[in-house]
Amino acid sequence: MSFPLLTATAALPAIGAIVTAAVPAARRTAAKWLALLFSLGTFVLAAIVFLRFEPGGDRYQLTESHAWIADFGVRYELGVDGIGVALLALTALLIPFVIVAGWNDADPLETRSSRWRPTQGFFALILMVEAMVILSFEATDVFLFYILFEAMLIPMYFLIGGFGDRAHAGSDENAATQRSYAAVKFLLYNLAGGLIMLAAVIGLYVVAGSFSLSEIAQARADGSLEMATSTERWLFLGFFFAFAVKAPLWPLHTWLPNAMGEATAPVAVLITAIVDKVGTFAMLRFCLQLFPEASKWATPVVLVLALISIVYGALLAVGQRDIKRLIAYASISHFGFIILGIFAMTSQGQSGATLYMVNHGISTAALLLVAGFLITRRGSRLIADYGGVQKVAPVLAGTFLIGGLATLSLPGLAPFVSEFLVLVGTFSAYPVAGIIATSGIVLAALYVLVLYQRTMTGPVKASVQGMPDLRARELVVALPLIALLVLLGVFPKPLTEVVNPAVQHTLHDVQKKDPQPEVEAAK
């Protein structure tokens, strides 16, 4: 029996969460180092998974399958395709940076009881989220995926509500109220989506008699599974609604600015760069693969919603006064691009969407974590409280600028490649949608450059006089992320080679081919 590599990749952070939580209260530093070591070990296992994956091989590789709840046909079934392995690698890559960036975020404050901010609990919850997200990218049993999809909400709820941003404009009591509101809103929105998805999961089992993706695909191929059109469409809507909440897609997005605004910067990265990717990933793995006809039927409406997300998110980002809420609305716009690429149903669009998930994760982590370092120094999230930072902290300002330029998809940085592919894929199938989507690029340049101008340039405000530049720990976070943005911007081949075959499988599921360009014959 071969070594269960996929299980080990998810089990290691879960074990790390238990070990970290068990560290005595007085040994906070030991808990931090343990969490970091477990996250680095997980990254090593994820790198092995990535290197062992063969792009030209079977669709799902490193598979594991064991009986779980036999009476209901539920199996512990794992496997990764090119899309899953790319997002698994992204998750394992970012978690060590999240831990290092949040090194002091859960330390007790003199004005608060230490029992409400246990350092061990903070890092244990991060590792638990990592374990669930990784396993969700590996699950090929629909019921197993659903359990993980819902279970990850619990540690995220406590990370948002129990470990909120300390740079709050109001009193401690008001800050706690805002954190609780954001956490409850996050939980209720995602639980509502999950409950609707549960009904669809049960309906799928009634129709297909199985939760296994491979068994359902085989039944479709040999004609033994016949699903009525209306049934398929209702089941698609149940799945898609849950994924659209998680993604988040307009108009189901309103929980995200609250959650990111009230969470610490590392937890905000966990939300938008990692957890939310489960929603867009699931659209590719489950919606398109399980319900191909319904996916094509819903495409016009989904494209409209994606375009609204792109423009609406960017416009609201332009008008924000809060740094973290600006980044949150920018992320809503970016998720619109991802969903646009998925439902354009072209190879360029879906390859670009998958790359966008990875590149958005890295660029948002870089910008948001550096913004967190800035906010920690000043103690305020308001843009108006800054000015002239580049004169007193030039390295901080420089890393902030590169993260911002990546967010607006500057050529030469990783997000440009993915955004370009999404637009090319959309133009080839839906030219009008492609034209409208390009407005998001212009607006992105506006909100990023205005943010940089107002915080980093101009006269040095008295409140930022003497602000220290990035320290060694913070440079360990910022510089590798920036290096990755540059590397993947000029050499995306390692990712595209892995992703492209999986995209071709998805297009085959929905029986779509790339539109052929019309070339006028030479006279």
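Note that the structure is a prediction, hence the values are computed from the model and not measured. Index from 1, following the sequence.
The aromatic ring centres of F186 and Y157 sit 6.0 Å or more apart. Ring-centre distance between H360 and F335: below the 6.0 Å cut-off.
Using bins of under 30°, 30° to 60° and over 60° for the plane-to-plane angle, the ring pair F236/F240 lands in the parallel bin. Relative ring orientation between F149 and F243 is described as perpendicular, the plane-to-plane angle rising above 60° on a 0-90° scale split at 30° and 60°.
At least one donor-acceptor pair closer than 3.5 Å links the side chain of D469 to the backbone N or O of L396. S309 places no side-chain N or O within donor-acceptor distance of the main-chain N or O of I332, the cut-off being under 3.5 Å. T506 contributes a side-chain N or O that, together with a main-chain N or O of A502, makes up a donor-acceptor pair within less than 3.5 Å. No side-chain donor-acceptor contact under 3.5 Å links E215 to the backbone of F211. Listed for the T140 side chain is a donor-acceptor partner under 3.5 Å among the backbone atoms of E77. A donor-acceptor contact shorter than 3.5 Å links the side chain of R285 to the backbone of F137. Side chain of E474 to main chain of F373: no donor-acceptor pair is present (N/O by atom type, distance under 3.5 Å, no hydrogens or angles). Judged by distance alone, the side chain of K32 and the main-chain N or O of W103 form a donor-acceptor pair under 3.5 Å. Not a single donor-acceptor pair under 3.5 Å links the side chain of Q350 to the backbone N or O of S347. In this structure, S351 contributes its side chain and Q348 its backbone to no donor-acceptor pair below 3.5 Å.
A donor-acceptor contact closer than 3.5 angstrom is absent between the side chains of T91 and E130. No side-chain donor-acceptor contact under 3.5 Å links T364 and T272. With no hydrogens or angles considered, no side-chain donor-acceptor pair links D141 and S212 at under 3.5 Å. A donor-acceptor pair shorter than 3.5 Å cannot be found between the side chains of Y356 and T280. Judged purely by distance below 3.5 Å, without hydrogens or angles, the side chains of Y452 and Q390 pair a donor atom with an acceptor atom.
For CH2 of W33, the number of neighbouring non-hydrogen atoms (other residues, nucleotides, ligands) closer than 6.0 Å is 12 at most.
A distance of 11.5 Å separates OG1 of T20 from CD1 of I15, quoted to the nearest 0.5 Å. Distance CD1/I18 to CG/L127: 10.5 Å, rounded to 0.5 Å. To the nearest 0.5 Å, atoms CG (L481) and CG (L367) are separated by 11.0 Å. Atom OG of residue S333 and atom OH of residue Y312 lie 12.0 Å apart, to the nearest 0.5 angstrom. The distance from atom CZ of F343 to atom OH of Y430, rounded to the nearest 0.5 Å, is 10.5 Å. Rounding to the nearest 0.5 Å places NZ of K493 at 11.5 Å from CG of N500.
Between D509 and R59 there is a salt bridge, since at least one side-chain N of the basic residue sits less than 4.0 Å from a carboxylate O of the acidic one.
Taking both residues in full, the closest heavy atoms of M128 and P155 are given as CG-CG, 4.5 Å, listed atom of the first, atom of the second, then distance. Contact between A353 and I338 at its shortest, heavy atoms only, is CB-O, 3.3 Å. Closest heavy-atom contact between V499 and A86: CG2-CB, 4.3 Å.
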**OP:** Under the side chain to side chain contact (heavy atoms under 4.5 Å, CB included) rule, what do L78 and Y76 come out as? Steps first, then yes or no, please.
**Re:** CA-CA 7 Å; L78 307 180; Y76 176 79; 3.2 Å; yes
Original post:
Between E64 and T7, is a side-chain hydrogen bond (donor to acceptor under 3.5 Å, both in side chains) present by the stated rule, with each step listed?
Top reply: CA-CA 8 Å; E64 302 172 30; T7 294; 2.4 Å; yes
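The side-chain contact (heavy atoms from CB on, under 4.5 Å) test with T299 is passed by exactly one of V301, V302, L303: L303.
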